[in-house]
Amino acid sequence: MNFNEAIRDQWRQQKHVCIGLDPFPEYLPNGITDLFEFNKAIIDATADLACCYKPQFAHYAALGKEHKLKETIHYIKKHYPSVPVILDSKRGDIGSTATMYAKEAFEQYAADAVTVNPYMGSDTVLPFSEFKDKGVIVLCRTSNPSASEFQNQSIEGEPLYIHVARKAQQDWNSNNNISLVVGATAPQEMKHIRSAAPKLPFLIPGIGAQGGDLKSTLINGRFSDGDGVMINSSRGIIYASKEKDFADAARRETEQLQLAINQNI
Ligand SMILES: O=C(O)c1cc(=O)[nH]c(=O)n1[C@@H]1O[C@H](COP(=O)(O)O)[C@@H](O)[C@H]1O
């Protein structure tokens, strides 16, 4: 089963929440200093609800704690093998280097999918999509405040993000393993991208701490028959409480987000 099939399996069980494992040392709950211990508590409390997990690479590498990232991914794969793991490293480089980045994500870290920055062109994406069983999640229209500076620029009458969506669907998806990152903070762009790429799954960050609107996200982002979306929340879930009950609080936030998704999907 490849990544996209595994996600579809999760959707069939009404799981759409992608939990971001982005530990900031200064926000760790009182008494917790170890990143793996923190992640493990969150994972054990949410694994039956999560569509997937998404650890963000910089949150480990900036602290020299890449081994804690590896430990986290191995823990999920050992104890909750049906929950896919997306390594959010937003890689992108010339083909020969991209091949090494793909090995980093899929062989060193054993991730099921990786986020990829496609703005250097096709030869930088294909080394990832050659891994048939793995997911390649291509940045299309990101959630950050300056995203429109370049991504909304019009080229031949269409915004750049639409060119990315078309290329992803038509040229990069021969192994049926491509998804798109589309931020919840850009509902009109999301609608446009969904009509250009009706069948590609969307990873949607921007709900929770970044203030994206869930209802318009679901109306604009889901497939015509529902599903189609992995709704990411990181800080909104993992920092729901700074006290001893942080894992239970993360579970409650995940349940509430899934409930809100069910009511709108
Ligand atoms: O690729 C991503 O995951 C991503 C793309 C994007 O456009 N915006 C975005 O916020 N992200 C990531 O999604 C997560 C959002 O975190 P919260 O804002 O705390 O929910 C972070 O790990 C970001 O790096």
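For the single chain, residues carry numbers from 1 onward in sequence order. Computed from heavy atoms alone, side chains included, the values below leave out hydrogens, waters and symmetry copies. Ligands are counted one by one from 1 in listed order, and the atoms in each one are counted from 1 as well.
Cation-pi geometry between Arg8 and Phe3 is not satisfied (NZ or CZ under 6.0 Å from the ring centre, within 45° of the ring normal). Under the 6.0 Å distance and 45° angle rule, Lys65 does not count as a cation-pi partner of Tyr60. In this structure, Arg194 is positioned above the aromatic face of Phe202, its NZ or CZ under 6.0 Å from the six-membered ring centre and within 45° of the axis.
Counting heavy atoms under 4.0 Å from ligand 1, residue Gln56 touches it through the side chain alone. With a 4.0 Å heavy-atom cut-off, ligand 1 is reached by no atom of Ile137.
At distances below 3.5 Å, at least one donor-acceptor pair connects side-chain atoms of Arg222 with backbone N or O atoms of Asn264.
Of the protein's non-hydrogen atoms, the one nearest atom 19 (O) of ligand 1 is Arg235 NE, 2.6 Å. Protein heavy atom closest to atom 7 (O) of ligand 1, with residue, atom name and distance, is Ser143 N, 2.8 Å. Summary of contacts: the protein heavy atom closest to atom 2 (C) of ligand 1 is Lys90 NZ, 3.2 Å. Protein heavy atom closest to atom 10 (O) of ligand 1, with residue, atom name and distance, is Gln210 NE2, 2.8 Å. Among all non-hydrogen protein atoms, the one lying nearest atom 20 (O) of ligand 1 is Ser234 N, 2.9 Å. Distance from atom 22 (O) of ligand 1 to its nearest protein heavy atom, with residue and atom name: Asp22 OD2, 2.6 Å. Looking at atom 12 (C) of ligand 1, its nearest protein heavy atom turns out to be Lys54 NZ, 3.5 Å.
Counting only heavy atoms from C-beta outward, the side chains of Trp172 and Val136 never approach each other to under 4.5 Å.
Checked by distance only, ligand 1 and Thr115 stay at 3.5 Å or farther apart across all their nitrogen or oxygen atoms.
Remark: Asp9 pairs with Arg12 by the salt bridge (charged side-chain N to carboxylate O under 4.0 Å, His left out) rule, at least two apart or across chains.
Applying the 4.0 Å criterion to heavy atoms of Thr142 picks out, from ligand 1, the atoms 7 (O).
Using bins of under 30°, 30° to 60° and over 60° for the plane-to-plane angle, the ring pair His192/Tyr161 lands in the perpendicular bin. In this pair, Trp11 and His16 present their aromatic rings parallel. The plane angle is below 30°, not in the 30 to 60° band.
Across all their heavy atoms, Pro84 and Ser82 have their closest contact at CD-O, 3.2 Å.
Of all the listed residues (Pro205, Ala184, Ala147, Gly211), Pro205 holds the heavy atom that lies closest to atom 6 (C) of ligand 1.
Taking 4.0 Å as the cut-off, Asn144 does not count as a neighbour of ligand 1 on heavy-atom distance.
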